[in-house]
Amino acid sequence: MVSGRTMEAAVPLITSYSNRRREVQAFDDTKAGVKGLVDAGLGKVPEIFIHPPHTLYKTSYDKCSEFSIPVIDLERLDKDLVTRQGIVETVRYASETFGFFQVANHGIPVNVLEEMLQSVSRFFDQDTEVRRQFYTRDYSKKVVYNSNYDLFRAPAADWRDTLSCFMAPSPPTPEELPAPYRDIQMEYAKQMMKLALTLFELLSEALGLDANHLNDMECAKGLTSICNYYPPCPQPELTQGATPHTDNGFLTILLQDQIGGLQIRHRGHWIDVPPLTGTLIVNVGGLLQLITNDQFKSVMHRVVANNIGPRVSVACFFSTAMMPSTKLYGPIKELVSEDNPPKYRETTVKELASHSFSEGFDKEAPLLAFRL
Ligand SMILES: O=C(O)CCC(=O)C(=O)O
Ligand SMILES: [Fe+2]
């Protein structure tokens with residue numbers, strides 16, 4: 001029997017659900033994102049952005065100075081073999097232990113990095129009317145601007161807007177890209193692709209494979225550029241910049257500005273990934289974890305909301321998720337043995353991406369559905 005008390009409790013729940021749905025829809029209909037709320041001078045975080053307290057962290061998070069992710073200097077990579085071996089060894093250690101590392105002297109000029117970050121700000125600083133033309137949830141488009149890809153599904157929205165561009169294997173024409181960052185985005189994607197080919201060589205060597213192995217598997221074939229914009233938040237302690245999640249491609253190369261706020265999960269602690277001018281952050285995605293049979297780890301990370309921003313970051317996801325392909329990926333044959341049998345079934349990139357997209361990227365064990 002349903003008690004009166006239960007019924008009473010159920011009514012506000014249903015009401016609040018439909019309120020939320022309405023508020024989310026109204027927010028989405030503005031096509032102005034979180035930036036639009038801040039521009040309107042909002043002094044409080046709207047209900048739909050408030051995260052349940054148990055999922056929130058204090059702003060004084062666990063600071064663990066004994067853990068810091070390796071910074072790898074690529075300068076002498078091709079100069080001598082011993083240096084290269086040292087770099088490969090650190091790449092292996094970082095990918096197995098942290099799932100993250102930073103790279104310095106990667107060959108991309110600092111002014112290109114800075115121009116890329118500034119161009120993202122220029123896009124978001126445009127008149128709302130101009131920005132709105134790109135606002136969509138249709139991911140078959142080459143350019144997608146919106147706020148919270150999972151707005152209609154997630155229990156609470158993040159304090160972040162995003163501009164995504166699908167840059168490889170079939171790049172947009174420059175004219176298809178928003179004007180404020182057209183030229184630099186084309187240049188940046190070219191530079192990212194070059195760096196990714198080098199990183200996949202190092203990662204292959206770190207696995208004890210031929211240097212071309214991961215590139216031959218087409219790990220660097222697809223590139224999506226995700227430009228994140230985190231407006232300053234009036235009550236950062238109530239919301240998040242990015243909910244804890246894992247990335248689901250092969251690899252992500254991330255550029256962050258000087259504000260900070262990115263943290264990764266390591267041995268039960270959240271540790272900072274400090275902004276270091278001129279460096280790029282590299283992290284292992286779910287697909288790389290799957291094909292390395294768990295040797296390399298795709299690790300949870302999050303972004304703390306800030307009240308000093310806007311904070312800008314550009315995440316380049318290497319994955320062919322946006323193109324239909326029947327190519328199957330499973331644990332690499334050379335890495336499995338009787339002692340280390342395959343942990344995952346074969347899957348397509350598209351299946352893994354669609355699974356993460358519908359289930360959410362916030363799972364502690366994102367590859368569970370593919371486990372043998
Ligand atoms: O903004 C950042 O630093 C991280 C962004 C991120 O994790 C993502 O876009 O997947
Ligand atoms: Fe991420």
Side-chain angles (χ1 to χ4, degrees), residues 33-35 57 61 69 95 98-103 113 116-117 120-121 123-124 139 144-151 154 157-167 188 192 222-233 236 239-266 270-277 279-289 296-306 308-319 321-322 352-353 356-357 359-364 366-367:
V34 177
K35 170 89 166 45
Y57 34 86
Y61 43 82
I69 71 164
S95 307
F98 293 90
F100 272 76
F101 54 93
Q102 305 219 50
V103 285
L113 306 182
M116 185 64 214
L117 290 170
V120 177
S121 295
F123 172 81
F124 283 94
Y139 284 91
V144 173
Y145 154 54
N146 63 35
S147 184
N148 285 269
Y149 77 93
D150 56 355
L151 183 66
D158 289 344
W159 201 256
R160 155 170 89 160
D161 299 330
T162 302
L163 171 68
S164 311
C165 298
F166 303 100
M167 300 304 295
Y188 192 71
M192 282 293 119
L223 165 56
T224 303
S225 164
I226 309 266
C227 304
N228 295 303
Y229 187 88
Y230 304 85
C233 180
T239 188
Q240 321 208 36
T243 301
H245 67 280
T246 53
D247 295 348
N248 79 342
F250 290 104
L251 201 70
T252 306
I253 305 179
L254 178 79
L255 167 64
Q256 66 168 333
D257 69 10
Q258 290 304 308
I259 300 251
L262 173 64
Q263 300 180 338
I264 70 164
R265 196 81 181 144
H266 180 70
W270 286 106
I271 60 172
D272 289 323
V273 184
L276 298 174
T277 305
T279 63
L280 289 158
I281 299 155
V282 180
N283 66 289
V284 173
L287 274 162
L288 191 54
Q289 177 169 337
F296 291 167
K297 305 288 187 309
S298 175
V299 163
M300 279 277 201
H301 50 285
R302 69 183 186 187
V303 179
V304 178
N306 75 81
I308 49 173
R311 174 181 186 270
V312 172
S313 73
V314 180
C316 284
F317 283 19
F318 286 88
S319 164
M322 303 318 291
L352 193 136
S356 314
F357 209 81
E359 294 288 308
F361 294 87
D362 53 347
K363 300 280 171 292
E364 283 288 351
L367 296 174

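Numbering of ligands and ligand atoms starts at 1, following listing order.
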### Query
Counting both backbone and side chain atoms, is some N or O of Gln256 under 3.5 Å from an N or O of ligand 1?
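Between Gln256 and ligand 1, no N or O pair is found under 3.5 Å apart.
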
#### Entry: Asp247: its N/O/S atom lying closest to the Fe ion (ligand 2) (atom name)
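It is OD1, the N, O or S atom of Asp247 closest to the Fe ion (ligand 2).
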
### Task
For residues Tyr145 and Phe124, establish whether the separation of their ring centroids is below 6.0 Å.
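Yes, the ring centres sit under 6.0 Å apart.
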
### Query
Looking only at protein heavy atoms, which one is nearest to atom 9 (O) of ligand 1, and how far off is it?
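Ranked first by proximity to atom 9 (O) of ligand 1 is Asn228 ND2, 3.1 Å.
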
### Task
Sort out for me which residue in Asp158, Val303, Val304 forms a side-chain contact (heavy atoms from CB on, under 4.5 Å) with Tyr230.
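Going through Asp158, Val303, Val304 one by one, the side-chain contact (heavy atoms from CB on, under 4.5 Å) with Tyr230 is satisfied by Val303 alone.
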
### Query
According to the interplanar angle, ranging from 0 to 90°, do the rings of His266 and Phe98 count as parallel (below 30°), tilted (30 to 60°) or perpendicular (above 60°)?
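Rings of His266 and Phe98: parallel, under 30°.
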
### Considering all heavy atoms, the nearest Val273-Gln256 contact
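For Val273 versus Gln256, the nearest heavy atoms are O-NE2, 2.9 Å.
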
### Query
To the nearest 0.5 Å, what is the distance between CZ (Phe317) and OG (Ser225)?
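Interatomic distance, Phe317 CZ to Ser225 OG, rounded to 0.5 Å: 10.0 Å.
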
### Nearest non-hydrogen protein atom, atom 4 (C) of ligand 1
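For this ligand atom, the closest protein heavy atom is Val303 CG2, 3.7 Å.
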
### Query
Side chains of Tyr139 and Asn146: is there a donor and an acceptor less than 3.5 Å apart?
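Indeed, the side chains of Tyr139 and Asn146 share at least one donor-acceptor pair under 3.5 Å.
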
### Query
Between NZ of Lys35 and OG of Ser147, what distance do you get to the nearest 0.5 Å?
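With rounding to 0.5 Å, NZ (Lys35) is 12.5 Å from OG (Ser147).
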
### Message
Heavy atoms only, cut-off 4.0 Å: how does Arg160 contact ligand 1, side chain, backbone, both, or neither?
### Response
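It is the side chain that gets close, since no backbone atom is under 4.0 Å.
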
### Task
Give the atoms of ligand 1, by number and element, whose distance to some non-hydrogen atom of Phe317 is under 4.0 Å.
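What qualifies from ligand 1 is 10 (O).
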
### Message
My understanding is that only one of Gln263, Arg265, His245 makes a side-chain hydrogen bond (donor to acceptor under 3.5 Å, both in side chains) with His301; could you say which?
### Response
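Exactly one pass, corresponding to His245.
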
### Task
Kindly report the NE2-the Fe ion (ligand 2)-NE2 angle for His245 and His301 respectively, rounded to 10°.
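NE2 of His245, the Fe ion (ligand 2) and NE2 of His301 span an angle of about 90°.
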
#### Entry: Closest heavy-atom pair and its distance - Ser164, Ile226
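Here Ser164 and Ile226 meet closest at OG-CD1, 3.7 Å.
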
### Task
For ligand 1, indicate whether the residue Thr252 contacts it via side chain, backbone, both or neither (heavy-atom separation under 4.0 Å).
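The answer is neither; Thr252 stays 4.0 Å or more away.
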
#### Entry: atom 6 (C) of ligand 1: nearest protein contact (heavy atom, Å)
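Result for atom 6 (C) of ligand 1: His245 NE2, 3.7 Å.
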
### Query
Who's the nearest protein heavy-atom neighbour of atom 3 (O) of ligand 1, and how far?
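Among all protein heavy atoms, the one nearest atom 3 (O) of ligand 1 is Arg311 NH2, 2.8 Å.
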
### Query
For ligand 1, which part of Asp247 has a heavy atom less than 4.0 Å away: the side chain, the backbone, both, or neither?
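Contact part for Asp247 vs ligand 1: side chain (C-beta onward).
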
### Message
Give the atom numbers and elements of ligand 1 that come within less than 4.0 Å of a heavy atom of Tyr230.
### Response
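That gives atoms 1 (O), 2 (C), 4 (C), 5 (C) of ligand 1.
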
### Ligand-side contact atoms (ligand 1) for residue partner His301, heavy atom cut-off under 4.0 Å
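So the atoms of ligand 1 that pass are 7 (O).
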
